[in-house]
Amino acid sequence: MCALSHDGCGRGYTERRECRRLREPTLDTACVGGFTSATNAMLDLRYVIENLDSVRVSLGRRGAAWAAPLDEISALAQRRREAIMASEKLAKELNDATAAMAKIADKKGAEFTAAREKNRALGDERKQFERAQAEVELDISDLLLSIPNEPAADVPDGADEEHNVVVKTWGAAPKMDFTPKDHHDLGTALGILDFERSGRLSGPRFAVLWGAGAMLERALAQFMLDVHVTEHGYTEVYTPYLVKDSALYGTGNLPKFGDQLFKIAGTDERAYDLYLIPTAEVPVTNLHGDELLTEAELPKKYVAFTPCFRAEAGAAGRDTRGMIRQHQFDKVEVVQLVRPEDSEAAHEALTRNAETILEKLGLHYRRMLLCAGDMGFSSKKTYDLEVWLPGQQRFREISSCSNFGDFQARRAALRYRPSEEGKGKAKPRFVHTLNGSALAVGRTLVAVLEQYQQEDGTVLIPEVLRPYCRGLERITART
RNA sequence: GGAGGCGUGGCCGAGUGGUCGAAGGCAGCAGCUUGCUAAGCUGUCGUACCCGCAAGGGUACCAUAGGUUCGAAUCCUAUCGCCUCCGCCA
């Protein structure tokens, strides 16, 4: 798995999460009734229960372990129903009794007093039932949140990247009559990449860019933004780089992948945790959380340029050289919220939007269809774009474009009301969410350096970038 | 940092302990009108869950969570968010 993939990982019920959090410090006051709030994990549960066998099969395609919680969920769902029946029966009884009391004229009389005593007991009993119900629902919710999305039918089987499928290849490796350098040596020699000083400042997996390097990073980002806004119809959006944990539940990064995130210290006074975003996907996808959109305003197409922060836990020793895998990198991200019936076409189009950037830059790349076992947690279907790196003599991921179906929408409460003519007020539906890196700027910089390097160690700047580089045509050694 | 205010259904906005899932308006939907015409009239119109073949019945939800009470949109507490004023500051 590559660093950039699975940035497609999801946020959810805004308030529920806050509530879950409170659960830990105060075990005895587990939030009652949280499950039936406006957002609906319940649909999810119903779907899982009603399609237990097919869900088991599709989750199994990601790896056998993923399907394991299903039996427990099924059993808990049964317990939940029983708890609800018991608790609602009592609630009805109590409500009737209370309504009757309201009709008693003499609030000081013996009749009223007797009724009050009886109801007091009833009310206590009801609270017990409600607690029991809430307890079961929290358990179910925990399990549901830890289950990944079902792979789409046309996603190939396979446990790891070995089974990803090459969909297409664009361009050709640039002809070089010399041994190409990798970006690390190239950039260091040109004086535009500096890993010594970044190490001193911040440790491994950071970079300092100087002069033309810094300019190129900025130029790439701006070029990408301009293309997506003016040619692909995206709306540029600037978002916070710190988000609440609730946003991370929505996209699916939490609860399972917290070890990939940088959590901000010094927020102890707050009731929630703040994290550095691992991708713009998190703030942007959650932008319309808990809103009810109209069908007319779909699709929503957003592009955001942000830094991304990743802990890269478990990647020790991998890609330690150069700036392939950094704790901090820039990315231009495209996100779409669409009607369910449009998401497949949107996924193809969005992937094309990312490819267009590579093609305009003249960078040799290929498109991979990820197999079930290699996909991110929240994704139904993912294309990775891999760019050719002459210095490594291999393709490396530079973009990951995913269709999440309604997975994130359910967790983040992203809904719209269909405007079906003549059919009255249609029920709200979940949108489908998609996103893709378009592109990871740091890796694009690497690809430009390596693919455009010349025998003399200089680097030509792609034509389309020159207007963004004050007309500079070639990067030569920094003086 | 100090002081105060607010948070109701897609939107606006009533509602300060009982019959309130919640007036009214707008938007939407259905129908009727077509000399009040970029209109009028009538009706309808929240979400989720549970039971039920269905018809239908039930429960919960007035930012969130606790609490008080026989009973909470309404009272108390905490939290979240927004707004105003003062101070400070990029």
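All values reported here derive from a predicted model rather than from experimental measurement. By convention in this document, chain letters (A, B, ...) are assigned in the order of the sequence lines, proteins followed by strands, and residues within each chain are numbered from 1.
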For atom [atom1] of [X] and atom [atom2] of [N], their distance in whole Å:
X: A/Glu130; N: B/A60; atom1: CD; atom2: C1'; result: 9 Å
X: A/Phe112; N: B/G71; atom1: CZ; atom2: P; result: 10 Å
X: A/Glu137; N: B/U59; atom1: CD; atom2: P; result: 17 Å
X: A/Leu90; N: B/A60; atom1: CG; atom2: C1'; result: 14 Å
X: A/Arg131; N: B/A65; atom1: CZ; atom2: P; result: 13 Å
X: A/His288; N: B/G10; atom1: NE2; atom2: P; result: 17 Å
X: A/Arg415; N: B/G46; atom1: CZ; atom2: P; result: 14 Å
X: A/Lys127; N: B/G71; atom1: NZ; atom2: C1'; result: 11 Å

What integer number of Å spans the [atom1] atoms of [N] and [M]?
N: B/A48; M: B/C80; atom1: C1'; value: 22 Å
N: B/U68; M: B/C83; atom1: C1'; value: 30 Å
N: B/G25; M: B/G40; atom1: P; value: 13 Å
N: B/C62; M: B/C11; atom1: P; value: 15 Å
N: B/G17; M: B/U74; atom1: C1'; value: 7 Å
N: B/G7; M: B/A73; atom1: C1'; value: 12 Å
N: B/U33; M: B/U42; atom1: P; value: 15 Å
N: B/C86; M: B/G10; atom1: P; value: 37 Å

Measure across [X] and [Y] and return the closest heavy-atom pair with its distance rounded to 0.1 Å.
X: A/Leu248; Y: A/Pro278; value: CD2-CD, 4.1 Å
X: A/Val334; Y: A/Ala438; value: CG2-CB, 4.1 Å
X: A/Pro151; Y: A/Ala372; value: CG-CB, 4.1 Å

OP1 or OP2 of [N] under 4.0 Å from side-chain N/O of [X]:
X: A/Asn95; N: B/A60; value: yes
X: A/Tyr416; N: B/G10; value: no
X: A/Lys103; N: B/U19; value: no
X: A/Arg80; N: B/C50; value: yes
X: A/Arg81; N: B/C51; value: yes
X: A/Arg417; N: B/U47; value: yes
X: A/Arg120; N: B/G71; value: no

Query - Under the salt bridge (Lys or Arg N to Asp or Glu O under 4.0 Å) test, residues paired with A/Asp342 that sit two or more places apart - result: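 So A/Asp342 forms a salt bridge (Lys or Arg N to Asp or Glu O under 4.0 Å) with A/Arg339.
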
Where the side chain of [X] is defined as all heavy atoms beyond and including C-beta, which of [options] is the nearest nucleotide?
X: A/Lys92; options: B/C80, B/C51, B/G58; answer: B/G58
X: A/Thr98; options: B/C80, B/G58, B/G18; answer: B/G18
X: A/Arg46; options: B/U59, B/C50, B/G67; answer: B/C50
X: A/Lys427; options: B/U47, B/G66, B/C49; answer: B/U47

Report summary line: By nearest-heavy-atom nucleotide on RNA chain B, the more 5' of A/Leu292 and A/Glu88 is A/Leu292

Tell me the partner of [N], counting only Watson-Crick (N1-N3 plus N6-O4 or O6-N4) or G-U wobble (N1-O2 and O6-N3) with both under 3.5 Å; none if nothing fits.
N: B/U34; value: none
N: B/U69; value: none
N: B/G10; value: B/C26
N: B/C53; value: none
N: B/U59; value: B/A48
N: B/G17; value: none
N: B/G4; value: B/C83
N: B/U64; value: B/A78

Query raised in the report: How are the rings of A/His327 and A/Phe262 set relative to one another: parallel (under 30°), tilted (30 to 60°) or perpendicular (over 60°)?
Result: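 Perpendicular.
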
Query raised in the report: Where does the angle between the aromatic ring planes of A/Tyr468 and A/Phe223 fall among parallel (under 30°), tilted (30 to 60°) and perpendicular (over 60°)?
Result: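 Geometry flag for A/Phe223 against A/Tyr468: perpendicular rings.
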
Report task. Please work out if A/Ala115 contacts a base, only the sugar-phosphate, or nothing of the nucleic acid, heavy-atom cut-off 4.0 Å. Result -> nothing

Query raised in the report: Heavy atoms under 4.0 Å, any strand shown: does A/Met101 hit a base, just sugar-phosphate, or nothing?
Result: base

Which atom pairs, donor and acceptor, lie under 3.5 Å between side-chain atoms of residues 111-123 of chain A and protein residues at least two apart or in another chain?
{"from": "A/Thr113", "atom 1": "OG1", "to": "A/Gly109", "atom 2": "O", "distance (Å)": "2.9"}
{"from": "A/Glu117", "atom 1": "OE2", "to": "A/Arg120", "atom 2": "NH2", "distance (Å)": "3.0"}

Requested in this report: Report yes if the side chains of A/His183 and A/Ile324 come closer than 4.5 Å at any heavy-atom pair, otherwise no.
Outcome: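 Yes - at least one pair of side-chain heavy atoms lies under 4.5 Å apart.
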
